[in-house]
Amino acid sequence: MQYNPILSQVESVCFMGALAVYFAAAALYFVALVVKKEKAGRGAFLLSAVGFALHTVCIAARGINAGRLPFTNQYEFATCFAWGITLCFLLFAGKFHFQALGTFVVPLVFLVLGYASMQSREIHALMPALQSRWLGFHVSMAIISYGSFGVAFAVAMVLVFGNRLKAGGLTDRHLPDEDTLDLIIYRAVALGFLFLSLCIVTGAIWAQKAWGSYWSWDPKETWSLITWITMWASIRCWRDFTVMPDTSAANFSEKGTGSAQMWSCAFSAGEEGKRLSLGMKTIKNKKYDAP
C-alpha cells in the first residue's frame, strides 16, 4: 500500500511542533509558578491550546494517510493518549477557570508525547481482527477515560500539596479553594469511570466478534476490571465519607492508586495493539477471524 509523502511530512512537522510547543508551555508554567505572574500562566495556557491544535492535525494526517483510525501501535496510542489528556485538561481548566492546572498536566503530556517520539512511526496494514468498527469505539472510549483520570490525578496533586504551594507564594487567585478542587476531581473521575465502562463493554463486543469470547482474563482485561472496581469504590467512598476531616488526603490515596493502575492499563493496551498490528497469529491459542 502506497502512503502519501505529503501527509507523512505534515504528520511529522505537526508532531514535532506540538512536542516543542508543549515543552515551551511547560517551561512557561514553571516560570509562572516561580515568579507568580498571571500573564505567564495565561501565555502557557494559550501555548497549550496551540500545541493541542498541532497535535490534532498530526493525528488527523496520520489517520488519513493510514486509511484508518490511528490506534493500533505504541506510537499511535501514546500520541492519542497525550491528546486525550490535553483535551480533558483544556475542558476542565476552561470550565473552572483553573489555568494553573497546566503546571501539573502539561509536563505529563510532554513526557507521554516524548515516549511516542521514541517509537516506530511505520504504518502497518491491519490484521483481520483489527479491521472492525468496534476497535474505533473501544479505543476512543479508552483515550477519553485515561485523559480524565490523568487530569484527576493532577488535580489531586494540587489538592494534597496546595498548602505548600500557597506557602511558596501562590494565592487563591491562582488556586481554587479545596471544595472546588474536590469537585473537579470528582467530576473527572466520574467522567473517566463512565468512559472506562463503555471501553470495557465495547472491548468485550470486539473480542467476541474477533475471537469468539467476550472475556479471557488476559492482563489487559484483568487490569481494566481492577481499575474499574477501584474507581467504583473511590466514587462510593466519596459519596459516603465527604464529611471526614481529612478528606483531601484520603481521596488522593484512592485516586492516585486508581490513576496509576489506569496508566498501566493504558500502556498494556497499547502493547497489545502493537503485537496485533505486527502480525502475531494467536493470543492464548485463539485464531484471528475477520469480525
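Taking CG of L113 as the reference point, atom OH of Y75 lies at 8.0 Å (rounded to 0.5 Å). Summarising the geometry, atom NE2 belonging to H55 is positioned 5.5 Å from atom OG1 belonging to T79; distances are rounded to the nearest 0.5 Å. Put simply, CG on L101 and CZ on F96 are 11.0 Å apart, with the number rounded to the nearest 0.5 Å.
When all heavy atoms of L191 and S148 are compared, the closest pair comes out as CD2-OG, 3.3 Å. Shown here for Y214 and A204, the closest heavy-atom pair between the two residues is CD2-O, 3.3 Å. When all heavy atoms are compared, the tightest approach of V106 to A26 is CG1-N, 3.8 Å.
Here T222 pairs with nothing under the side chain to side chain donor-acceptor pair (under 3.5 Å) rule; sequence neighbours left out. Partners of S120 according to the side chain to side chain donor-acceptor pair (under 3.5 Å) rule, which considers only residues two or more places apart in sequence or in another chain, do not exist here. Annotation: side chain to side chain donor-acceptor pair (under 3.5 Å) contacts of T56 (sequence neighbours excluded): W83. Considering only residues two or more places apart in sequence or on other chains, Y29 meets the ring pair (Phe, Tyr, Trp, His ring centres under 6.0 Å) condition with none of them. Under the side chain to side chain donor-acceptor pair (under 3.5 Å) criterion, W228 pairs with S197, sequence neighbours left out.
Atom CZ of F30 has 12 or fewer neighbouring heavy atoms from other residues, nucleotides or ligands inside a 6.0 Å radius.
In this structure, F81 has its ring center at least 6.0 angstrom away from the ring center of Y115.
Ring geometry, F77 versus Y146: the interplanar angle exceeds 60°, so the pair is classed perpendicular (tilted spans 30 to 60°).
With hydrogens and angles ignored, the 3.5 Å screen pairs a side-chain donor or acceptor of T202 with a backbone N or O of L198. Side chain of N65 to main chain of N4: a donor-acceptor pair is present (N/O by atom type, distance under 3.5 Å, no hydrogens or angles). Under the 3.5 Å distance criterion, the side-chain polar atoms of R121 are left unmatched by any main-chain donor or acceptor of S8.
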Name the atoms and distances for all side-chain donor-acceptor pairs under 3.5 Å in residues 41-49, with sequence neighbours left out.
from	atom 1	to	atom 2	distance (Å)
S48	OG	A44	O	2.9

